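Inspection log for the structure reproduced underneath, given as structure tokens.
Note that this is a predicted model, so its numbers are computed, not measured.
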Amino acid sequence: MAIFSKKNQDTFTDAQDFTVLPEHIGIIMDGNGRWAKKRGLPRTAGHKAGAEVFKSISKECDRLGIKYATFYAFSTENWKRPQSEVDALMALFKNYLLEAKADVKAAGKIKLKFIGERKGISNDLLKLMDEAEEETKDHTGTTVYLAINYGGRQEITSAVNKLISSGKKEITEQDISDNIFTVPECDLIIRPSGEQRLSNFLLWQSAYSEFWYSDVLWPDFTNDDLHEALRAFENRNRRFGA
């Protein structure tokens, strides 16, 4: 099955229906384990279902014309989970990339980028990540950042250390913005599953983000839920200050 050709049964919403769209959205893909537990399934089943939703929502972001979308897939803290669950998640990432590689033309205009630390990730997976970035680098649609082995504090620390290594004696906010993993501003952060916290996600980029929460678990998240979040953003009076 083509990775980005899955038909979505949600209500069709044309991009023209939105008068204002965020340039950059961040999505915390939360609730996979609870989704599986509710159904008497292993946590890995929840992660697999969540991976399918990631594909669908990525495609919808591109169709709507959102410029950047960052998905929180695996945090630096996730290494503390049971080894069997970590192995299953890494296998999911690998299968996703193999499918993307085999079907890169069907991915349309989406450009893939991977953010986070590379240490701890297998060489096979790193190779597939590099190949996916190379094969989609000229795409002009949504840039999809997939955060794997990622933490917001780690990202800021990495940027500062990079600047120090370059010989910088005094570091400005703009310096850090220029050296973090993604574009510096995130307009909207979406978190399903009922939790209302950042969990070390896009700490620098979220300084003036709008937030949208939902009780829907990630494997049940649909295009309609995305549209609801975008509609809420559209209706907000954004204030860039206290």
Side-chain angles (χ1 to χ4, degrees), residues 1-32 49-73 96-97 99-100 103-115 132-133 135-147 150 181-193 198 201-202 205-206 208-238 240:
M1 180 178 71
I3 190 166
F4 287 108
S5 64
K6 178 182 176 183
K7 293 182 179 179
N8 194 290
Q9 302 301 317
D10 301 330
T11 303
F12 186 86
T13 299
D14 192 87
Q16 297 301 318
D17 290 343
F18 294 100
T19 57
V20 178
L21 280 171
E23 182 174 81
H24 180 195
I25 65 172
I27 300 179
I28 300 173
M29 300 186 289
D30 193 20
N32 294 340
E52 292 300 315
V53 174
F54 160 71
K55 297 173 190 177
S56 175
I57 298 301
S58 296
K59 180 183 176 183
E60 183 64 1
C61 287
D62 185 53
R63 190 188 71 80
L64 290 171
I66 293 169
K67 194 169 182 181
Y68 305 100
T70 302
F71 293 82
Y72 204 9
Y96 163 75
L97 290 171
E99 192 174 348
D103 195 40
V104 69
K105 291 183 179 179
K109 300 176 292 180
I110 288 174
K111 179 185 294 187
L112 287 170
K113 286 185 173 291
F114 299 88
I115 62 173
E133 287 190 347
E135 291 170 1
T136 62
K137 69 178 183 181
D138 295 324
H139 289 191
T140 57
T142 298
T143 297
V144 171
Y145 292 102
L146 192 57
Y150 170 89
F181 296 144
T182 75
V183 291
E185 302 298 330
C186 184
D187 302 299
L188 173 66
I189 290 182
I190 296 171
R191 182 163 192 164
S193 86
L198 273 174
F201 179 58
L202 298 185
Q205 297 91 327
S206 65
Y208 293 106
S209 295
E210 298 294 323
F211 292 85
W212 186 86
Y213 302 106
S214 168
D215 289 333
V216 175
L217 300 176
W218 178 248
D220 290 326
F221 195 88
T222 66
N223 286 355
D224 281 344
D225 295 308
L226 175 64
H227 299 161
E228 184 180 344
L230 295 174
R231 189 69 68 203
F233 174 84
E234 184 178 53
N235 292 327
R236 302 247 178 115
N237 180 19
R238 301 190 73 194
F240 295 89

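- In this structure, A229 and L188 approach most closely via the heavy-atom pair O-CD2, 4.0 Å.
- For E234, the salt bridge (Lys or Arg N to Asp or Glu O under 4.0 Å) partners are R231, not counting sequence neighbours.
- By the ring pair (Phe, Tyr, Trp, His ring centres under 6.0 Å) test, F71 is found to be paired with F54, residues two or more places apart in sequence or in another chain being considered.
- S193 is linked by a side-chain hydrogen bond (donor to acceptor under 3.5 Å, both in side chains) to D30, R34, counting only residues two or more places apart in sequence or in another chain.
- Going from atom OG1 of T143 over to atom NZ of K111 covers 4.5 Å, rounded to the nearest 0.5 Å.
- Judged by distance alone, with hydrogens and angles left aside, the side-chain atoms of D62 form no donor-acceptor pair with the main-chain N or O of K59 at under 3.5 Å.
- The side chain to side chain contact (heavy atoms under 4.5 Å, CB included) test with S58 singles out one residue from I27, V53, V144, I66, and that residue is V144.
- Evaluation of the side-chain contact (heavy atoms from CB on, under 4.5 Å) rule for A147 yields Y72, I115, Y150 as partners, not counting sequence neighbours.
- The backbone N or O of F211 lies less than 3.5 Å from no partner atom in the side chain of R191, so there is not a single donor-acceptor pair.
- Closest of all the heavy-atom pairs between P219 and A49 is CB-CB, 3.8 Å.
- Shown here for A132 and T136, the closest heavy-atom pair between the two residues is O-OG1, 2.9 Å.
- To the nearest 0.5 angstrom, K113 atom NZ is 11.0 Å from T182 atom OG1.
- Taking CD of E228 as the start and CD1 of I190 as the end, the distance is 10.0 Å to the nearest 0.5 Å.
- For the residue pair C61 and L226, the shortest heavy atom distance occurs at SG-CD2, 4.2 Å.
- Distance check: R63 CZ to I110 CD1 gives 12.0 Å after rounding to the nearest 0.5 Å.
- For S214, the side-chain contact (heavy atoms from CB on, under 4.5 Å) partners at least two apart in sequence or on another chain are W212, V216.
- Summarising the geometry, atom CD belonging to E23 is positioned 9.5 Å from atom CD belonging to E185; distances are rounded to the nearest 0.5 Å.
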Run the numbers on L198 and I189 for side-chain contact (heavy atoms from CB on, under 4.5 Å), then give the verdict. CA-CA 9 Å; L198 273 174; I189 290 182; 3.6 Å; yes
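- Partners of T142 under the side-chain hydrogen bond (donor to acceptor under 3.5 Å, both in side chains) rule, at least two apart in sequence or in another chain, do not exist in this structure.
- The aromatic rings of Y68 and Y145 lie parallel to each other, with less than 30° between the two planes, well short of the 60° mark.
- Taking CD of Q205 as the start and OG1 of T70 as the end, the distance is 7.0 Å to the nearest 0.5 Å.
- The heavy-atom pair separating N223 from S56 by the smallest distance is OD1-OG, 3.7 Å.
- Listed for the D187 side chain is a donor-acceptor partner under 3.5 Å among the backbone atoms of H24.
- Looking at every heavy atom in both residues, P192 comes nearest to W218 through CG-CE3, 3.7 Å.
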